[in-house]
Amino acid sequence: MDPRQRRQARRTALVLALVALALYAGFIAYAVLQHTHH
Amino acid sequence: MANIEHAGATHAEHGGHAEHDHKPIGFWHRWLTSTNHKDIGTMYLVFSCVMFFVGGSFAMLIRLELFKPGMQFFDPGLFNNFTTMHALIMIFGALMPAFVGLANWMIPMQVGAPDMALPRMNNFSFWILPFAFMLLIGSVFVPGGGLAGGWTMYPPLMVQSGYALPMAIFAFHLMGASSIMGAINVIVTIMNMRAPGMSLLRMPMFVWTWLITAFLLIAVMPVLAGAVTMLLTDHFFGTSFFNAAGGGDPVMFQHIFWFFGHPEVYILILPTFGIVSEIIPTFARKRLFGYDAMIYATASIGFLSFIVWAHHMFTVGLPLASELFFMLSTMLIAIPTGVKVFNWSATLYRGSLSFEPPMLWALAFLFMFTIGGLSGLMLAMAPADFQYQDTYFVVAHFHYVLVPGSVFGIIGGVYYWLPKWTGHMYNMKLAKWHFWLSTVFVNVLFFPQHFLGLAGMPRRIPDYATQFTDWNMVSSIGGFCFGASQILFPIIIWQCVRGGERASGRVWEGAQGLEWELPSPAPYHSWVEAPAMATLEHGAPVHQTHG
């Protein structure tokens with residue numbers, strides 16, 4: 001893996017990890033909103 | 001071969017590879033700290049095999065209790081604990097790690113990469129798992145008893161659990177983190193490390209199906225983690241996400257759970273589709289029929305898996321419009337799945353077939369997965385589902401999908417690639433015995449459960465009305481024999497690791513793809529130099545695929 005490839009790999013991994021975290025937080029936030037809405 | 005120049009060929013030409021291996025010295029150093037994709041793949045597969053037998057032991061206890069009516073050995077709470085643990089261990093401990101193990105071994109070799117893109121994270125993903133399962137299995141022995149609410153973990157039943165609940169929830173978070181890291185690694189490897197010339201539409205089907213599976217994993221594992229985090233706060237911190245008394249909604253848990261749970265079903269089957277798509281062309285000695293259509297069908301199944309979740313909830317009281325939507329969207333899945341089944345059949349048509357063990361498992365998959373698919377269509381019909389809901393018909397359906405579907409695919413894949421991993425051929429006769437015993441008894445085990453379900457026997461019960469006795473006895477006998485026949489599997493693998501007839505690089509006459517260009521066993525470090533493959537198609541040189 002050359003340095004450019006490595007940087008690209010890390011960037012892709014970071015984006016995917018952030019998507020996962022956003023989904024985790026997003027679903028809990030959705031449930032909180034549902035709850036407060038009632 | 002003319003267009004393929006690579007390190008692997010150099011190994012093969014020199015008639016060996018040991019001098020290039022550079023394996024870490026010492027058992028613990030090698031296996032605890034390994035960042036090598038083959039070592040980590042092996043650890044995943046060994047872990048999965050152990051969990052397969054642990055989960056299988058729970059299944060044996062379930063079938064033992066259900067052998068005849070009346071309470072035989074276990075109280076109902078313990079029985080429900082067995083069903084819960086059986087499901088959780090088989091799904092998260094046996095099937096998913098097996099696929100990740102196969103991905104670790106095969107994806108870098110198939111795309112011409114020297115390793116996974118993020119090797120240290122790969123090691124971390126694996127070593128989380130044993131701790132997660134120590135927690136999960138340990139939860140069986142804590143005060144208050146183990147989890148007994150089923151793998152779906154519905155509240156309010158689940159929040160009535162004792163200390164087992166936080167242990168299991170922590171275990172789910174660990175498993176989720178492991179799966180997400182594994183999925184990220186797969187995506188990054190495929191997107192960044194393919195050999196020059198291997199465009200997306202030239203990748204082997206196993207790589208394609210795993211790429212789609214990895215996106216599903218990243219999309220849904222956090223959703224499961226969110227759902228169980230909320231269960232935890234409901235239980236310990238006084239929130240009322242799912243507690244009706246506090247203004248919460250238990251049905252919301254079901255929606256969130258199945259938004260994870262249905263794609264999870266496809267996570268458990270799509271890599272098998274990839275394995276079967278590798279095996280059938282090899283032993284039919286033909287190219288895969290409709291390669292592009294297979295990819296689009298897999299992607300369509302992946303997409304549709306996100307819009308069908310409430311078909312698991314037809315009886316909770318959904319609005320009629322929702323029932324119609326989820327019924328029709330579920331039925332739509334039959335189209336891409338049908339495309340795949342017909343394409344596999346078309347690949348077989350007028351092929352020069354031979355029936356080595358991997359092909360036998362792939363063919364059994366084709367027939368029996370289709371049975372599971374068809375009973376799934378029956379369950380998709382909302383009015384009919386009101387009758388089938390929570391009966392043994394559902395148990396029969398998903399076991400046909402997961403055992404002769406996913407498990408047979410994994411076993412077929414292991415028999416397909418095992419000579420490449422070990423450098424030896426395995427005992428073909430014993431492997432065929434393994435196949436025939438498994439195929440006969442898996443049907444003795446699960447087919448009668450269709451009858452029991454249609455006759456009204458509910459699932460997740462330790463006792464039943466006497467009219468269900470005969471088929472339960474048949475099912476239990478099938479279960480014990482199926483379980484016993486699986487003991488052959490580690491024996492065959494162990495013999496093959498220890499020795500046997502030397503395997504050639506290509507192993508199977510009709511095998512195509514980059515992994516078969518490497519010698520057997522594959523060198524510890526393969527594709528150190530990327531293969532040059534200007535004329536490569538579907539992971540195999542064009543002149544071979546058109547042969």
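Naming convention: chains lettered A, B, ... in sequence-line order (proteins, then strands); numbering from 1 in each chain.
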Please classify the contact of [X] with chain A as side chain, backbone, both or neither, using a heavy-atom distance under 4.5 Å.
{"X": "L217(B)", "value": "neither"}
{"X": "M252(B)", "value": "side chain"}
{"X": "H173(B)", "value": "side chain"}
{"X": "S240(B)", "value": "both"}
{"X": "F215(B)", "value": "side chain"}
{"X": "I218(B)", "value": "both"}

Checklist entry - What distance separates T12(A) OG1 from R7(A) CZ, expressed to the nearest 0.5 Å? => result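 Here the rounded value is 12.5 Å.
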Where the side chain of [X] meets the backbone of [Y], is there a donor-acceptor pair that is under 3.5 Å apart?
{"X": "K38(B)", "Y": "W105(B)", "value": "no"}
{"X": "R6(A)", "Y": "D2(A)", "value": "no"}
{"X": "S305(B)", "Y": "P263(B)", "value": "no"}

Item to check | Steps toward ring pair (Phe, Tyr, Trp, His ring centres under 6.0 Å) verdict (Y24(A), F27(A)) | outcome: CA-CA 6 Å; Y24(A) 177 68; F27(A) 267 80; 10.0 Å; no
Item to check | A25(A) portion near chain B, given a 4.5 angstrom heavy-atom threshold | outcome: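 Neither the backbone nor the side chain of A25(A) comes within 4.5 Å of chain B.
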Next on the checklist: How about CZ on F236(B), more than 12 heavy atoms from neighbouring residues, nucleotides or ligands closer than 6.0 Å, or not?
Outcome noted: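 More than 12 within 6.0 Å, yes.
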